[in-house]
Chemist: 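Let me give you the structure first, and then I'll get to my questions.
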Amino acid sequence: MELLKIEISKAGQAAIEKEFNDVGVVAEKVKMARSVRNMKNSLERWGKSNEVAALKALDKKFWASPEGKELFAEIKDFHDGLKEHVKKTKNGIHIDHEGMQVIEDEADDIEHEWKMLEGSKWDTLYENAWAKATSSPEAKSVGRRFETFSKSAEWKALDKELKELDMALKKNVKVTDLPKDMDDMFVF
């Protein structure tokens, strides 16, 4: 029994590809604009800040911990389930019935591991590290620069292209044969 189909016609694929390419063309055109350069520079400074370095170090410790290794193993199992059960078709992808069950089970395992981290020492460490990283002078600069960028002609041009890409996806990607309990599932 087929439970999920995602299809895109050749014409739909071409429309999506055109809109995706338009985003790239506009991004290339605006990349040297002052608002874009300023935003980029602020993001780079924030990325090199001590607070972001502390987040990276915390990530390294987490993934080396027993909890991190367990979460990584569950994520890998989910990835392997997708790789094994999601097949390309002429017009999209197909997930077989057994695959839906495997993918759903693996997603449930990730959710379980994630919930186990709530209230843990890792949760507290990450909350504190993110609070510091998002309130640093470099983060505040990103916020100010984003405010300016979001009002710029460059953002308006990119926003227009992103909306057109979104519309092309909505118009041309057809998802059918959804399981009745799809709302309760985490597929991608």
Side-chain angles (χ1 to χ4, degrees), residues 4 6 20 23-24 27 30-31 33-86 95 99-152 154-156 158-159 161-163 165-166 169-170 175 178-179 181-188:
L4 179 67
I6 300 172
F20 182 80
V23 171
V30 303
K31 77 178 184 181
R34 183 178 184 180
S35 65
V36 176
R37 288 190 334 270
N38 287 347
M39 183 71 190
K40 178 180 178 256
N41 291 337
S42 286
L43 284 167
E44 286 175 352
R45 279 192 298 275
W46 182 66
K48 293 175 183 174
S49 71
N50 292 337
E51 294 81 6
V52 171
L55 272 170
K56 290 176 184 177
L58 181 58
D59 278 345
K60 197 170 188 176
K61 287 179 188 174
F62 171 72
W63 292 113
S65 74
E67 297 91 342
K69 289 177 182 177
E70 184 63 31
L71 180 58
F72 182 82
E74 296 301 346
I75 292 169
K76 184 179 181 321
D77 290 347
F78 178 75
H79 171 268
D80 292 348
L82 289 174
K83 193 172 180 180
E84 185 176 338
H85 294 283
V86 177
I95 305 173
M100 288 298 294
Q101 299 304 311
V102 168
I103 292 165
E104 182 178 2
D105 289 346
E106 296 302 347
D108 287 345
D109 291 347
I110 292 171
E111 181 181 17
H112 173 74
E113 290 302 319
W114 195 258
K115 285 182 178 178
M116 296 279 292
L117 292 169
E118 289 177 10
S120 72
K121 75 173 188 174
W122 294 109
D123 191 15
T124 303
L125 290 169
Y126 273 104
E127 287 288 330
N128 292 336
W130 272 107
K132 287 179 183 176
T134 56
S135 63
S136 69
E138 294 86 357
K140 289 178 182 173
S141 174
V142 169
R144 287 189 305 274
R145 294 284 174 86
F146 182 76
E147 177 103 8
T148 301
F149 175 62
S150 67
K151 296 174 184 173
S152 70
E154 294 79 27
W155 170 250
K156 286 180 178 83
L158 278 172
D159 186 49
E161 296 303 333
L162 289 168
K163 285 178 180 171
L165 173 59
D166 182 54
L169 288 165
K170 287 177 180 173
V175 180
L178 293 171
D181 62 349
M182 187 67 171
D183 290 339
D184 298 332
M185 294 177 56
F186 171 77
V187 179
F188 295 97

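Nothing here was measured: the structure is a model prediction, and the numbers come from that model.
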Chemist: Drop me the distance from Asn38's CG to Leu43's CG, to the nearest 0.5 angstrom.
Modeler: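 Asn38 CG to Leu43 CG: 11.0 Å, rounded to 0.5 Å.
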Chemist: Can you name the salt bridge (charged side-chain N to carboxylate O under 4.0 Å, His left out) partners of Asp80, sequence neighbours left out?
Modeler: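 For Asp80 the salt bridge (charged side-chain N to carboxylate O under 4.0 Å, His left out) partners, ignoring immediate neighbours, are Lys76.
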Chemist: Applying side-chain hydrogen bond (donor to acceptor under 3.5 Å, both in side chains) as the test, list every pair that has at least one member in residues 125-135; sequence neighbours left out.
Modeler: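 Of all non-adjacent pairs touching residues 125-135, those that pass side-chain hydrogen bond (donor to acceptor under 3.5 Å, both in side chains) are Asp59-Tyr126.
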Chemist: Quick one, Lys48 with Glu44, criterion salt bridge (Lys or Arg N to Asp or Glu O under 4.0 Å). Give me CA distance, side-chain angles, the key distance, then yes/no.
Modeler: CA-CA 6 Å; Lys48 293 175 183 174; Glu44 286 175 352; 5.4 Å; no
Chemist: Of all residues at least two apart in sequence or in a different chain, which pass the ring-ring contact (aromatic ring centres under 6.0 Å, His included) check with Trp155?
Modeler: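 Listed in chain order: Phe149.
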Chemist: Please report the closest heavy-atom contact between Glu138 and Trp46, naming both atoms and the distance.
Modeler: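 The answer is CB-CA, 3.7 Å.
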Chemist: How far apart are the closest heavy atoms of Met100 and Ile95, and which atoms are they?
Modeler: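 Closest pair (atom of Met100, atom of Ile95, distance): SD-CG2, 3.5 Å.
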Chemist: Are side-chain heavy atoms of Asp77 and Glu74 found at a separation under 4.5 Å?
Modeler: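 Yes, at least one pair of side-chain atoms sits under 4.5 Å.
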Chemist: Before giving the answer on side-chain contact (heavy atoms from CB on, under 4.5 Å), spell out for Glu106 and Ile75 the whole-Å C-alpha distance, their side-chain angles and the decisive distance to 0.1 Å.
Modeler: CA-CA 8 Å; Glu106 296 302 347; Ile75 292 169; over 6 Å; no
Chemist: Tell me, with the steps shown, if Glu67 and Ser120 meet side-chain contact (heavy atoms from CB on, under 4.5 Å).
Modeler: CA-CA 10 Å; Glu67 297 91 342; Ser120 72; over 6 Å; no
Chemist: Which pair of non-hydrogen atoms, one from Leu71 and one from Glu113, has the smallest distance, and what is that distance?
Modeler: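 Here Leu71 and Glu113 meet closest at CD1-CB, 3.9 Å.
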Chemist: Indicate the atoms forming the closest heavy-atom contact of Ser35 with Glu154, along with that distance.
Modeler: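 So the minimum-distance heavy-atom pair works out to OG-OE1, 2.8 Å.
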Chemist: Please tell me if the side chains of Lys163 and Asp159 come closer than 4.5 Å, counting only heavy atoms from C-beta onward.
Modeler: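 A side-chain contact exists here, since the closest heavy-atom pair is under 4.5 Å.
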Chemist: Decide yes or no on side-chain contact (heavy atoms from CB on, under 4.5 Å) for Leu82 and Phe78, but give the supporting numbers first.
Modeler: CA-CA 6 Å; Leu82 289 174; Phe78 178 75; 3.5 Å; yes
Chemist: For the atom pair CG (Asp109) and CD (Glu70), what is the distance rounded to the nearest 0.5 Å?
Modeler: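 One gets 8.5 Å once the value is rounded to the nearest 0.5 Å.
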Chemist: Considering all heavy atoms of both residues, which atom of Arg145 and which atom of Ser42 are nearest to each other, and what is their separation?
Modeler: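 Answer, listing the atom of Arg145 first, then Ser42: CG-OG, 3.1 Å.
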Chemist: Is there a donor-acceptor pair under 3.5 Å between the side chain of Lys69 and the backbone N or O of Trp63?
Modeler: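 Checking the backbone N and O of Trp63 against the side chain of Lys69, no donor-acceptor pair under 3.5 Å is found.
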Chemist: Would you say the side-chain atoms of Asn41 pair up with the backbone N or O of Arg37, donor to acceptor, closer than 3.5 Å?
Modeler: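 A pair under 3.5 Å: yes.
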Chemist: Testing the basics here: between Leu158 and Val23, what is the closest heavy-atom pair and its distance to 0.1 Å?
Modeler: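 The answer is CD2-O, 4.1 Å.
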